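In this text, all values refer to a predicted model and were calculated from it rather than measured experimentally. Just so we're on the same page: letters track the sequence lines, and every chain starts at 1.
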Amino acid sequence: MLEMRFIRDNPQKVKDAIIAKGEAGVDIDELLAADESWREALTELESLRADRNETSKEIGRRKKAGDDAEAMILRMREVNESIDVKEEQVKTLQLYIDEALALIPNLPHPDVPLGDGEDDNVEIRRWGEPRSFPFEPLAHWDIGVQLGILDFERASRIAGARFSILRGGAALLERALISYMMDLHVEEHGYEEIIPPYLVSRQSMFGTGQLPKFEDDAFLVNRQDYFLVPTAEVPVTNMYRGEMLGAEDLPMKFVAYSACFRAEAGAAGRDTRGLIRQHQFNKVELVQYTLPETSYETLDDMCAQAEKVLQRLNLPYRVLIMCTGDMGFAQEKKYDLELWMPSYSDYVEVSSVSNFGDFQARRADLRFRRSRDARPEFVHTLNASGLAIGRTMAAILENYQNEDGTVTIPEPLRPYMRGQRVIGFKGS
RNA sequence: GGAGGAGUACCCAAGUCAGGCUGAAGGGGCGGGUUUGCUAAACCUGUAGUAGGGUUACAGCCCUAGCGAGGGUUCGAAUCCCUCCUCCUCCGCCA
């Protein structure tokens, strides 16, 4: 959320950002006019209240002294009527302003390339060579089904499309990936391990920016005002909502595992096969709260930390910087990590690394003080997938497949899989 | 799910069932100071923070809001009424 004060002072910047991000909707000039009227009405309201406060004290004094206060009380009844009218006016304007503010996207960082959509994203580096297969490689959904470790048919029977059942080796590999990533980020990067609630309140979804604009992307629990978390970013970023932190507490670094739930509205027909686009998937997520002046440095650190997982697993990937039109509502700057997926003959997103600046912090009221007497400031928040588990698994199945249909397990995961080196056929 | 109890500033805690100089007693803590060879102790003293608006020399000053949240009653609400949230205790149920 941007500050009204900032919009007042920089209307053009905000208009530019709305256009650059391709966000619809808020008429900034109208908003500024509403703000103007709001301040005017507020000033009038407050002076009426000041009158009432002062007069009421005087009435109290008179009554105590046994003097007559009837005339004053009558006058105050009239003042109260004016107050009611003004209050209504202020409230209406306030409501309009709040709703408009909630729909204004964050400003992109100046480094971010301008662009309309994914074609304008800029690749900044590549790591690893896509493997060339001496045989015709299979897609992960074929590999998994052949091995009996991915079961899409029965998943759709029990839940519908875009769900999967992991069985045997795949279930074990999923757990191994979660544990491996959590351990890596805890032991080598100093994060605190978190398992958050998977259901969150409306307010939490607002805090990270999913609401009000993107309600359709989330699952809302029937008859309860809870949302299934689309990412652990939501609970973890909201963890300190409303608290006042000390500068010495920063940065705060969390690595969270959660299941993630997405409605995938508008994705009909896309990635319908396999593990790439599911309603439910697992993800290990990195979240940091930082000092404002260090957040961009941290962004690059977090990107490198997410990359390290791919490097250790020896999965070829590339890093893109997202253009203004593809980066999302709340982000100032965002990188995507995409890994090589032979079945797509292309790179597929497996992580996004974002700096939100103080945009989420302002929505979620995440503040800190540099010293006891210093003014409160908003922290900066960042997150990075570290990584999406399902897509990583898909990439492992495809990139590590063998000609006989088995899959070699990447070496770092073997200790997490009872020393197993290969996922083979049942009974073999 | 049932029955009770509680949410007041950084923390503890008065005030609430007599509504009005209570924007909030008293402790603790923290800041500053005095005494002291150092520590300890004692004494003195300062301590809502915040959000919004106005004004201004980005010092400052004024106003408004604010006693879990939101409404209501009243000239006036921490105090009376309603709704909600959270926490605690006991019972039930369950992993």
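The nearest whole Å value for the distance from the CD atom in A:E243 to the P atom in B:rU50 is 17 Å. Put simply, CD on A:E248 is 16 Å from P on B:rC10, counting in whole angstrom units. Rounded to a whole Å, the CG atom of A:D67 is 15 Å from the C1' atom of B:rG20. Straight-line distance from the CG atom of A:L45 to the P atom of B:rC63: 16 Å, rounded to whole Å. Rounded to a whole Å, the CG atom of A:L48 is 19 Å from the P atom of B:rG53. For the pair A:D9 CG and B:rC58 P, the computed distance is 14 Å after rounding to whole Å. Taking atom CG on A:D225 and atom C1' on B:rC85, their separation rounds to 13 Å, with Å as the unit. One interatomic measurement links the two molecules: CD1 of A:I73 to P of B:rG20, which rounds to 15 Å at whole-angstrom precision.
B:rA18 shows a glycosidic angle within 90° of 0 and is accordingly assigned syn. By the rule that a glycosidic angle within 90° of 0 means syn, B:rA59 counts as syn.
Here the side chain of A:N80 is nearest to one of B:rA51, B:rC75, B:rU64, namely B:rC75.
For B:rA9 and B:rG26, the C1' atoms lie 14 Å apart once the distance is rounded to whole Å. Comparing the same atom, P, in B:rC63 and in B:rC44 gives a spacing of 32 Å after rounding to whole Å. On the C1' atoms, B:rA57 is 47 Å away from B:rU16, given to the nearest whole Å. Using C1' as the reference atom, B:rU74 and B:rC94 are 49 Å apart when rounded to the nearest Å. Nucleotides B:rA48 and B:rA24 place their P atoms 9 Å apart, quoted to the nearest Å. Comparing the same atom, P, in B:rC12 and in B:rC81 gives a spacing of 26 Å after rounding to whole Å. Atom name P, nucleotides B:rG37 and B:rU50: the rounded distance is 41 Å, in whole Å. Taking atom C1' in both B:rG7 and B:rU79, one finds a spacing of 15 Å when rounded to whole Å.
In this entry B:rC84 has B:rG68 as its Watson-Crick or G-U wobble partner, both defining distances falling under 3.5 Å. Summarising the base pairing, B:rU34 is matched to B:rA42 through a Watson-Crick or G-U wobble pair whose two defining distances lie under 3.5 Å. When Watson-Crick and G-U wobble pairs are counted only if both distances are under 3.5 Å, B:rA78 pairs with no nucleotide at all. A 3.5 Å limit on both hydrogen-bonding distances identifies no Watson-Crick or G-U partner for B:rA13. Nucleotide B:rG29: paired with B:rU47 (Watson-Crick or G-U wobble, both distances less than 3.5 Å). Pairing of B:rC61, defined by two Watson-Crick or G-U wobble distances under 3.5 Å, is identified with B:rG54. As the counterpart of B:rC21, no nucleotide is assigned, since no Watson-Crick or G-U wobble pattern has both distances under 3.5 Å.
Two residues, A:K91 and A:I59, neighbour RNA chain B, and the one matched to the more 5' nucleotide by heavy-atom proximity is A:K91. A residue-by-residue look at A:E3 and A:T55 shows that A:E3 has its nearest nucleotide of RNA chain B further toward the 5' end.
When the side-chain nitrogen and oxygen atoms of A:R39 are compared with OP1 and OP2 of B:rG54, one or more of them lie within a distance under 4.0 Å. Contact annotation: A:R77 does not reach the phosphate of B:rU73 (side-chain N/O to OP1 or OP2, under 4.0 Å). For B:rG53, one of the phosphate oxygens OP1 or OP2 lies less than 4.0 angstrom from a side-chain nitrogen or oxygen of A:R5. Between A:R52 and B:rG76 there is a side-chain N or O to OP1 or OP2 distance below 4.0 Å. Contact annotation: A:N53 side-chain N/O to B:rC75 OP1/OP2 distance is not under 4.0 Å. Regarding contacts with the backbone of B:rA51, a side-chain N or O of A:R367 is found under 4.0 angstrom from either OP1 or OP2.
Within 4.0 Å (heavy atoms only), A:K64 reaches no atom of the nucleic acid at all. Using a 4.0 Å heavy-atom cutoff across all strands shown, A:R8 reaches sugar-phosphate atoms only and no base atom.
Electrostatic pairing of A:E153 and A:R157 does not count as a salt bridge here, judged by no charged N lying under 4.0 Å from a carboxylate O. A salt bridge links A:E188 with A:K308: the distance from a Lys NZ or Arg NE/NH1/NH2 to an Asp or Glu carboxylate oxygen falls below 4.0 Å. In this structure, A:R277 pairs ionically with A:D271, as a charged nitrogen and a carboxylate oxygen lie closer than 4.0 Å. A:E36 and A:R39 are joined by a salt bridge, as a carboxylate oxygen and a charged side-chain nitrogen come within less than 4.0 angstrom of each other.
Residue side chain A:E46 reaches the base of B:rG52 through a donor-acceptor N/O pair under 3.5 Å, judged by distance alone.
The six-membered or imidazole ring of A:F163 lies away from that of A:F152, with a centre-to-centre distance of 6.0 Å or more. Checked against the 6.0 Å centroid threshold, A:Y296 and A:H109 count as a close aromatic pair. For an aromatic pair to be called close, the ring centres must be under 6.0 Å apart, and A:F219 with A:H279 satisfies this.
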Stepwise side-chain contact (heavy atoms from CB on, under 4.5 Å) check, A:D336 with A:V353: CA-CA 6 Å; A:D336 268 7; A:V353 186; over 6 Å; no
